[in-house]
Amino acid sequence: MVGDGGGGGGRKGRAFAVVLVLWGLMFSVSCVASRLESGSKQTLEVQKHLKRLNKTPVKSIQSPDGDIIDCISMLDQPAFDHPYLKDHKIQMRPNYHPEGLFDENKVASTPAAKERANPINQLWHQIGICPEKTIPVRRTKRDDVLRASSVKRYGRKKHRTIPQPRSASPGLVNQNGHQHAITYVEGDKYYGAKATINVWEPKIQQSNEFSLSQLWILGGSFGEDLNSIEAGWQVILLVFVLDFVLLLNLLRTSVEIKSSSRIHRRHRNAFPYIEVLIKRPLQVSPDLYGDNNTRLFTYWTSDAYQATGCYNLLCSGFIQINNEIAMGASISPISAYRSSQYDISILIWKDPSEGHWWMQFGNDYVLGYWPSFLFSYLTDSASMIEWGGEVVNSQPDGEHTSTQMGSGHFPEEGFGKASYFRNIQVVDESNNLKAPKGIGTFTEQSNCYDVQTGNNGDWGHYFYYGGPGKNPKCL
């Protein structure tokens with residue numbers, strides 16, 4: 001009697017287990033079918049987005065790093081997709097340059113132009129250059145868009161990535177994962193900023209992390225209405241990470257396909273999906289470029305990264321007039337530890353005549369401008385300027401990331417070892433470049449990334465910054 005009861009219980013248990021397995025298999029097949037359907041919709045969405053971004057080129061240049069640089073008519077650039085810019089007449093030069101009326105010859109004769117500096121180029125320059133009346137645009141590829149969390153978010157930052165010096169706390173570090181080592185000024189009206197930035201290729205530990213060095217032009221509060229214009233260099237890691245849960249489901253589906261011709265007829269499209277899964281990355285960082293190169297970038301937003309703004313030329317906004325520098329393209333050469341050092345100069349200023357915010361790269365290249373109507377607070381002036389480095393610490397395995405900032409070495413190591421910003425300046429209400437007053441510094445965890453300021457006759461106001469991330473004092 002007891003034995004029969006146990007046997008009956010065992011049969012019931014096995015039957016229940018079979019039901020669970022069958023339910024799991026059916027759920028897996030349903031998931032695959034659903035993903036195939038959503039994948040088809042995503043493909044159409046991606047194709048439409050690529051058509052909007054990639055304008056018909058006059059000429060295309062294959063860069064040694066794999067980029068394709070399209071030379072498109074200046075009048076066809078993405079900025080003019082904006083409804084407010086349909087009838088906009090391109091301003092081919094700023095009316096005023098800091099320190100007085102703009103003069104192209106004057107740019108090359110300023111003291112900054114005479115500083116000792118190693119030349120920096122973009123890799124695509126080795127192959128060719130775009131014709132006059134065109135602008136160079138890095139071609140967006142299908143895989144670039146697929147790496148984003150969604151098509152709509154492609155080319156956009158996440159919310160709340162601005163360093164807030166007055167709100168430093170351990171909780172802030174854990175809340176958003178972004179860490180900084182910066183200098184800043186506030187409490188006045190600022191009409192632009194300048195810096196010469198040491199260029200490196202920091203090591204990034206894993207996907208969802210990046211390292212950048214830039215300047216921020218800020219207006220408004222750190223709430224929902226923040227206005228920001230940003231420019232500098234960045235490195236974002238590309239790592240292929242498979243969705244193993246989905247892969248397991250697909251493998252289970254393949255067993256069903258082999259064992260049932262009926263299921264094979266219904267779900268035969270699962271095999272191509274497995275092939276796509278293996279060939280392309282899933283759940284990777286929402287990066288832009290598909291490699292670990294150091295790249296020139298710009299960014300803008302008028303609502304704290306919510307619905308407005310983007311990197312480079314990936315939405316309507318920045319109007320480019322220069323045919324030699326491509327936003328988002330790789331810059332070369334890169335500084336090396338205890339070896340040659342390379343840096344780039346970036347100047348952003350508000351033209352007092354038209355009110356647009358202009359950007360200059362180096363001493364020779366006025367790249368273009370952000371029209372004043374894009375902003376609310378920045379239509380008048382900026383209330384804060386920041387210079388420095390930023391990384392994302394995703395705390396892999398519950399420990400601090402080893403993603404490097406700057407050179408990956410602490411400021412006290414000095415020139416040739418630590419990364420620097422030099423000749424940092426602000427533009428005042430008289431459109432003059434001035435030394436910043438009341439410089440503050442900020443870092444969330446100085447044992448991970450730090451900043452040290454200085455001042456001398458050659459470099460003016462400068463600072464060293466950065467660090468290795470994870471180390472015995474930063475866990």
For the atom pair CD1 (Ile127) and CG (Asp67), what is the distance rounded to the nearest 0.5 Å? 12.0 Å
Looking at side-chain heavy atoms only, is the closest gap between Tyr305 and Arg156 below 4.5 Å? no
When you look at NZ of Lys203, are more than 12 heavy atoms from neighbouring residues, nucleotides or ligands closer to it than 6.0 Å? no
For residues Thr298 and Glu230, is any side-chain donor paired with an opposing acceptor at under 3.5 Å? no
Validation row: Cys71, Ile61 side chains within 4.5 angstrom (heavy atoms): yes
Evaluate side chain to side chain contact (heavy atoms under 4.5 Å, CB included) for Tyr299 paired with Lys157, printing each intermediate quantity in order. CA-CA 9 Å; Tyr299 199 93; Lys157 285 189 177 184; 3.6 Å; yes
Any donor and acceptor pair, going by atom type alone, linking the side chain of Trp357 with main-chain N or O of Leu378 inside 3.5 Å? yes
Got a donor-acceptor contact below 3.5 angstrom from the Asn227 side chain to the Ser302 backbone? yes
Residue pair Lys434, Asp188: steps toward the salt bridge (Lys or Arg N to Asp or Glu O under 4.0 Å) verdict: CA-CA 13 Å; Lys434 298 287 186 181; Asp188 202 348; over 6 Å; no
Around atom NZ of Lys86, are there more than 12 heavy atoms of other residues, nucleotides or ligands at under 6.0 Å? yes
Gln179 backbone acceptor or donor facing Glu390 side chain under 3.5 Å: no
Quick one, Asp144 and Tyr154 - any side-chain contact, counting heavy atoms below 4.5 Å? yes
Check: Ile204 and Ile236 side chains under 4.5 Å, non-hydrogen atoms: no
Identify the two heavy atoms, one from Ala195 and one from Ile424, that lie closest to each other, and give their separation to 0.1 Å. CB-CG2, 4.0 Å
Heavy-atom donor-acceptor pair, Gln306 side chain to Glu224 backbone, under 3.5 Å: yes
Out of curiosity, Ser330 OG to Gln122 CD, how far, rounded to the nearest 0.5 Å? 8.0 Å
Within a 6.0 Å radius of atom CD on Glu429, are there more than 12 heavy atoms belonging to other residues, nucleotides or ligands? no
Contacts satisfying salt bridge (Lys or Arg N to Asp or Glu O under 4.0 Å) that involve residues 376-388 (not counting sequence neighbours) are Lys189-Asp380
Closest non-hydrogen contact found for Ile331 with Val199 is CD1-CG1, 3.8 Å
Using only atom types and a distance under 3.5 Å, with no angle test, would you say the side chain of Trp233 pairs donor to acceptor with the backbone of Asn198? yes
Do the charged groups of Asp65 and Arg138 touch, with an N to O distance under 4.0 Å? no
Please find out if less than 6.0 Å separates the ring center of Phe442 from that of Tyr184. no
Measuring centre to centre across the rings, with the benzene-like ring taken for any Trp, is His180 within less than 6.0 Å of Tyr449? no
Less than 6.0 angstrom from the centroid, inside 45 degrees of the normal: does Arg295 satisfy that with respect to the ring of Tyr289? yes
Backbone of Val391 reached by a side-chain donor or acceptor of Glu209 within 3.5 Å: no
Could you verify whether a donor N or O on one side chain and an acceptor N or O on the other, from Glu412 and Tyr464, lie under 3.5 Å apart? no
Could you go through Met74 and Ile90, starting from their C-alpha distance and side-chain angles, then the distance that decides it, and tell me whether this counts as side chain to side chain contact (heavy atoms under 4.5 Å, CB included)? CA-CA 9 Å; Met74 195 179 297; Ile90 299 178; 3.7 Å; yes
Describe, in one word, how the ring planes of Trp358 and Tyr369 are oriented to each other, choosing from parallel (under 30°), tilted (30 to 60°) and perpendicular (over 60°). tilted
Closest contact, heavy atoms only, Gln205 versus Thr403: N-OG1, 2.9 Å
Side chain to side chain contact (heavy atoms under 4.5 Å, CB included), that's the test. Do Thr140 and Val145 meet it? Break it down for me. CA-CA 8 Å; Thr140 301; Val145 181; 3.8 Å; yes
Does Asp351 reach the main-chain N or O of Trp349 with its side chain, forming a donor-acceptor pair under 3.5 Å? no
Nearest atoms (heavy-atom pairs only) where Asp343 meets Thr196: CG-CG2, 3.4 Å
May I ask you to check whether Tyr465 and Tyr420 place their ring centers less than 6.0 Å from one another? no
Has Asn393 got a side-chain atom pairing as donor or acceptor with His400's backbone, closer than 3.5 angstrom? no
If you compare all heavy atoms of Leu296 against all heavy atoms of Asn312, which two are closest, and at what distance to 0.1 Å? O-OD1, 4.1 Å
Worked check of side chain to side chain donor-acceptor pair (under 3.5 Å) between Gln234 and Thr294: CA-CA 6 Å; Gln234 65 183 168; Thr294 302; over 6 Å; no
Looking only at atom types and distance, does a side-chain atom of Ser63 sit under 3.5 Å from a main-chain N or O of Gly66, one as donor and one as acceptor? no
Quick one: does Ile217's side chain get under 4.5 Å of Ser228's, heavy atoms only? no
Point-to-point distance, once rounded to the nearest 0.5 Å, from CG of Asn363 to OG of Ser345: 5.5 Å
Asp70 vs Lys55, test: salt bridge (Lys or Arg N to Asp or Glu O under 4.0 Å). Steps then yes/no. CA-CA 8 Å; Asp70 287 327; Lys55 311 296 184 180; over 6 Å; no
Kindly state whether the ring of Trp370 and the ring of Phe318 have centres lying under 6.0 angstrom apart. yes
Would you say the rings of His356 and Phe373 are close, in the sense that their centroids are separated by under 6.0 Å? no
To the nearest 0.5 angstrom, please state how far the OH atom of Tyr191 sits from the CG atom of Asp428. 9.0 Å
Have Thr134 and Asn323 got a donor and an acceptor in their side chains that come within less than 3.5 Å? no
Which pair of heavy atoms, one from Thr453 and one from Phe463, lies closest together, and at what distance? CA-CB, 3.8 Å
His97 side chain near Gln360 side chain, heavy-atom distance below 4.5 Å: yes
Taken to the nearest 0.5 Å, the spacing of Leu53 CG from Leu314 CG works out to 6.0 Å
Are side-chain heavy atoms of Ser221 and Leu226 found at a separation under 4.5 Å? no
The reported gap from CD1 in Ile346 to NZ in Lys194 (rounded to nearest 0.5 angstrom) is 10.0 Å
Quick one, Met405 and Trp200 - any side-chain contact, counting heavy atoms below 4.5 Å? no
Can you tell me if His125 uses its side chain to pair, donor with acceptor, with the backbone of Glu324 under 3.5 Å? yes
Apply the test side chain to side chain contact (heavy atoms under 4.5 Å, CB included) to residues Val185 and Tyr190: give CA-CA distance (whole Å), side-chain angles for both, the deciding distance (0.1 Å), then the verdict. CA-CA 9 Å; Val185 290; Tyr190 307 100; 3.7 Å; yes
